[in-house]
Amino acid sequence: MKPLDITDGEKVVMRFAPNPNGPPTLGSARGIVINSEYVKRYDGTFIMRFDDTDPQTKRPMLEAYDWYIEDCTWLGAAPDKVVLASDRMQMYYDYAKKLIEMGQAYACFCESGEFKKYKDAKEPCPHRNESIGVNLEHWKKMVVGEYGEKVAVLRIKTDIKHKDPAIRDFGAFRIVKVPHPRPEIGNKYVAWPLLDFEGAIEDHELGMTHIIRGKDLMDSEKRQGYIYKYFGWNYPKTTHWGRIKIHEFGKFSTSGLRHAIEEGEYSGWDDPRLPTLRALRRRGIKPEAIRKFMIEMGVGETDVSISLDTLYAENRKMIDSIANRYFFVWDPVEIEIHGTKPRTSTPPLHPTEDRGHRTIEVDTKMYVCSEDAEKLEIGDKLRLKDLYNIEITSLAPLQAKHTGDSMEVVNKGEKRIRIIHWAPINGVSVKVLAPHGEFKGIGEKQIANEIDNTVQFERFGFCRIDSVDHEIIAYFAHK
RNA sequence: GCUCCGAUAGUGUAGCACGGCCAAUCAUGCAGGACUCUCACUCCUGCGACUGGGGUUCGAAUCCCCAUCGGAGCACCA
């Protein structure tokens with residue numbers, strides 16, 4: 001990451017300012033990680049500010065406030081301070097009143113399309129030149145709720161002839177008569193500030209020194225600059241990043257996901273197919289892997305389209321040495337071995353780390369993956385991993401004969417024989433939930449000891465053991 | 001329609017503010033190999049890029065202009 005532009009001995013203050021209308025996603029993680037990382041480097045203050053001033057269109061979700069704190073903490077980015085915009089309404093009202101008194105804000109009663117016409121024509125609307133006294137009256141009525149929704153809006157005067165139409169007299173407050181989801185706020189307010197106003201006031205009040213935000217908010221600085229100019233404040237230093245698109249998830253919106261969950265398309269916010277942090281956590285993705293992934297990506301203004309493979313590669317390196325190995329046979333088919341007796345197999349829990357062994361009681365019947373079985377022909381020789389060698393004698397039913405235990409036939413000779421894994425006939429049933437589907441099969445009994453751990457199902461991938469009640473439920477992380 | 005950004009290998013990045021040290025960094029990916037009782041890990045080797053065109057200059061990935069492509073804003077969303 002590039003160093004920040006620091007003026008003399010200033011103490012860095014940065015923030016992450018989400019609307020808690022759903023849980024944090026991988027996209028949120030970028031803001032959380034980058035901001036908190038800078039704060040760590042400069043020993044500054046990291047503030048979490050909930051921009052929850054829209055009770056209607058992007059209505060906050062009560063549970064999501066805690067989810068944000070939870071997920072930030074998990075990511076190693078616990079905020080030093082938490083602020084809820086909905087708690088600070090009086091402050092916004094005070095500043096709004098000051099601006100009106102300065103003659104820099106006015107109550108506008110134009111219908112939105114009508115105002116757009118004036119704006120596009122670089123003409124002031126009829127309300128722009130009302131007297132301060134009249135505007136103060138109107139504002140008072142806005143705040144107490146005398147006007148209905150969409151009747152009045154408070155605008156900040158910028159430059160109505162500004163060459164960029166996006167800058168001309170932007171809205172600062174509008175009327176929303178839907179109660180706020182927070183019970184302590186409820187229907188206490190009807191005049192709600194819009195982002196550019198609320199953010200401008202807060203960034204100053206909280207003493208923000210640096211702001212990093214999306215490119216889509218690039219115009220905010222120009223708009224908010226007027227407010228800063230009127231009050232004589234200094235604008236924080238800003239950096240922008242482009243849009244981030246994850247190959248595996250494509251474009252998604254919090255409201256879209258919410259809708260899909262309500263429709264039953266997903267099991268919940270932590271469904272393994274979802275790009276939420278809680279889903280990634282459930283799958284066994286390490287927060288450090290996400291941090292590294294985001295920091296490596298940096299803060300370019302270029303729009304990025306990245307594959308999760310990079311994140312998975314980071315994660316794999318982090319968990320490979322600590323993940324115990326187990327056999328899980330998906331889509332199992334039974335095989336019977338002749339010429340041997342039940343025995344006990346004790347494969348190592350890890351191929352290179354000294355982590356002890358697991359114990360599997362093996363009958364003369366067991367399971368192998370149908371995927372492996374389909375490739376077999378009579379006479380094929382293969383090795384059952386950590387057990388013994390066999391030769392196929394029948395395909396339906398699948399049968400084989402024991403041909404010895406020695407590893408020599410496996411290693412020696414020009415062509416090594418294939419090694420496949422297997423599962424005991426009395427194993428436990430396992431269901432793996434993965435982004436690309438559900439896998440049902442049989443696994444070793446000892447997997448039940450690994451609740452909440454990430455293990456590697458050999459020849460399948462890394463999974464986090466989520467529950468072990470009647471059957472084992474595992475969440476797939478990656479290959 | 002008006003306005004604002006951006007463009008380095010398949011992907012993501014470094015380099016660009018102070019042109020030469022860049023026949024361009026690192027990671028991931030892919031290919032091949034070593035190791036291995038996993039299609040994991042580790043290690044080795046290889047592949048692969050400065051969007052195009054002008055200009056300035058002894059010299060341009062770096063500066064200027066144009067074009068092309070991509071993104072964003074002009075909400076009573078954040």
Round to a whole Å and report the spacing from CE of M218(A) to P of rA72(B).
13 Å

Does a side-chain N or O from R316(A) land closer than 4.0 Å to OP1 or OP2 of rC39(B), or not?
no

Give a yes/no answer on whether the side chain of R243(A) brings an N or O atom under 4.0 Å of OP1 or OP2 in rG70(B).
no

Answer with base, sugar-phosphate or nothing: what part of the nucleic acid does L154(A) contact at a heavy-atom distance below 4.0 Å?
nothing

Looking at every strand, decide which applies to S220(A) at a 4.0 Å heavy-atom threshold: base, sugar-phosphate, or nothing.
nothing

May I ask you to say what N19(A) touches in the nucleic acid, namely base, sugar-phosphate or nothing, with a heavy-atom cut-off under 4.0 Å?
sugar-phosphate

Measuring to OP1 and OP2 of rA75(B), would you say a side-chain N or O of K119(A) lies under 4.0 angstrom away?
yes

How many Å lie between CZ on F293(A) and C1' on rG12(B), as a whole number?
8 Å

Can you give me every donor-acceptor pair (side chain of residues 241-249 of chain A, partner residue at least two apart or in another chain, under 3.5 Å) with its distance?
{"residue": "H247(A)", "atom": "ND1", "partner": "S305(A)", "partner atom": "OG", "Å": "3.3"}
{"residue": "E248(A)", "atom": "OE1", "partner": "L308(A)", "partner atom": "N", "Å": "3.0"}
{"residue": "E248(A)", "atom": "OE2", "partner": "S307(A)", "partner atom": "OG", "Å": "3.3"}
{"residue": "E248(A)", "atom": "OE2", "partner": "L308(A)", "partner atom": "N", "Å": "3.1"}

Base, sugar-phosphate alone, or nothing: which one does I306(A) contact when heavy atoms must sit under 4.0 Å apart?
sugar-phosphate

Just checking K163(A): base, sugar-phosphate only, or nothing, at a heavy-atom cut-off of under 4.0 Å?
sugar-phosphate

Atom-pair distance (CZ on R168(A); P on rC76(B)), nearest Å
15 Å

Distance check, P atoms only: rA9(B) and rG52(B), in whole angstrom units.
10 Å

Name the nucleic acid region contacted by F457(A), choosing base, sugar-phosphate or nothing; use a 4.0 angstrom heavy-atom cut-off, strictly under.
nothing

Does a side-chain N or O from K122(A) land closer than 4.0 Å to OP1 or OP2 of rC2(B), or not?
no

Could you check which of rU11(B), rG29(B), rA78(B) has an atom nearest any side-chain atom of D309(A)?
rG29(B)

Is there a donor N/O on one and an acceptor N/O on the other, under 3.5 Å, for the side chain of R325(A) and the base of rA40(B)?
yes

Only counting residues at least two apart or in another chain, list the ones meeting side-chain hydrogen bond (donor to acceptor under 3.5 Å, both in side chains) with R15(A).
D203(A)

If you count heavy atoms of other groups shown closer than 6.0 angstrom to NE2 of H259(A), is the number above 12?
no

Separation of the P atoms in rU11(B) and rC21(B), to the nearest angstrom:
27 Å

For atom NZ of K375(A), decide whether the heavy atoms of other residues, nucleotides or ligands shown that lie under 6.0 angstrom number more than 12.
yes

What contact category does S305(A) fall into here, base, sugar-phosphate, or nothing, at under 4.0 angstrom with non-hydrogen atoms?
sugar-phosphate

For a quick test of reading the model: is some side-chain N or O of T302(A) closer than 4.0 Å to OP1 or OP2 of rG70(B)?
no

Does a side-chain N or O from K479(A) land closer than 4.0 Å to OP1 or OP2 of rU38(B), or not?
no

Please determine whether a side-chain nitrogen or oxygen atom of R59(A) lies at a distance below 4.0 Å from atom OP1 or OP2 of rA78(B).
no

Give the nucleotide from the list rG73(B), rU42(B), rA40(B) with an atom nearest to the side chain of D219(A).
rG73(B)

Name the nucleic acid region contacted by E296(A), choosing base, sugar-phosphate or nothing; use a 4.0 angstrom heavy-atom cut-off, strictly under.
base

M142(A) and A191(A): which non-hydrogen atoms are nearest, and at how many Å?
O-CB, 3.9 Å

Is it the case that the ring center of F476(A) lies less than 6.0 angstrom away from the ring center of F457(A)?
no

Would you call rA24(B) syn or anti, using the 90° rule around 0?
anti

Length of the line joining I175(A):CD1 and rC77(B):P, which is rounded to integer Å
11 Å

Contact class for D216(A) vs. all strands (heavy atom < 4.0 Å): base, sugar-phosphate, or nothing?
base

Describe the nucleic acid contact of K2(A) in one word from base, sugar-phosphate, nothing, applying a heavy-atom distance below 4.0 Å.
sugar-phosphate

Between rC43(B) and rA61(B), how far apart are the P atoms? Round to whole Å, please.
34 Å

Which is true for R49(A) with a 4.0 Å heavy-atom rule: it touches a base, it touches only sugar-phosphate, or it touches nothing?
nothing

Is a donor from one side chain sitting under 3.5 angstrom from an acceptor on the other, for Y235(A) and E221(A)?
no

Determine which bases of RNA chain B form Watson-Crick or G-U wobble pairs with both distances under 3.5 Å, and write the result as a 5' to 3' dot-bracket string with | for other-strand partners.
(((((((..(((.......[.....)))((((((.......))))))...(((((..]....))))))))))))....

Closest approach of G31(A) and N35(A), non-hydrogen atoms and distance?
O-ND2, 2.8 Å

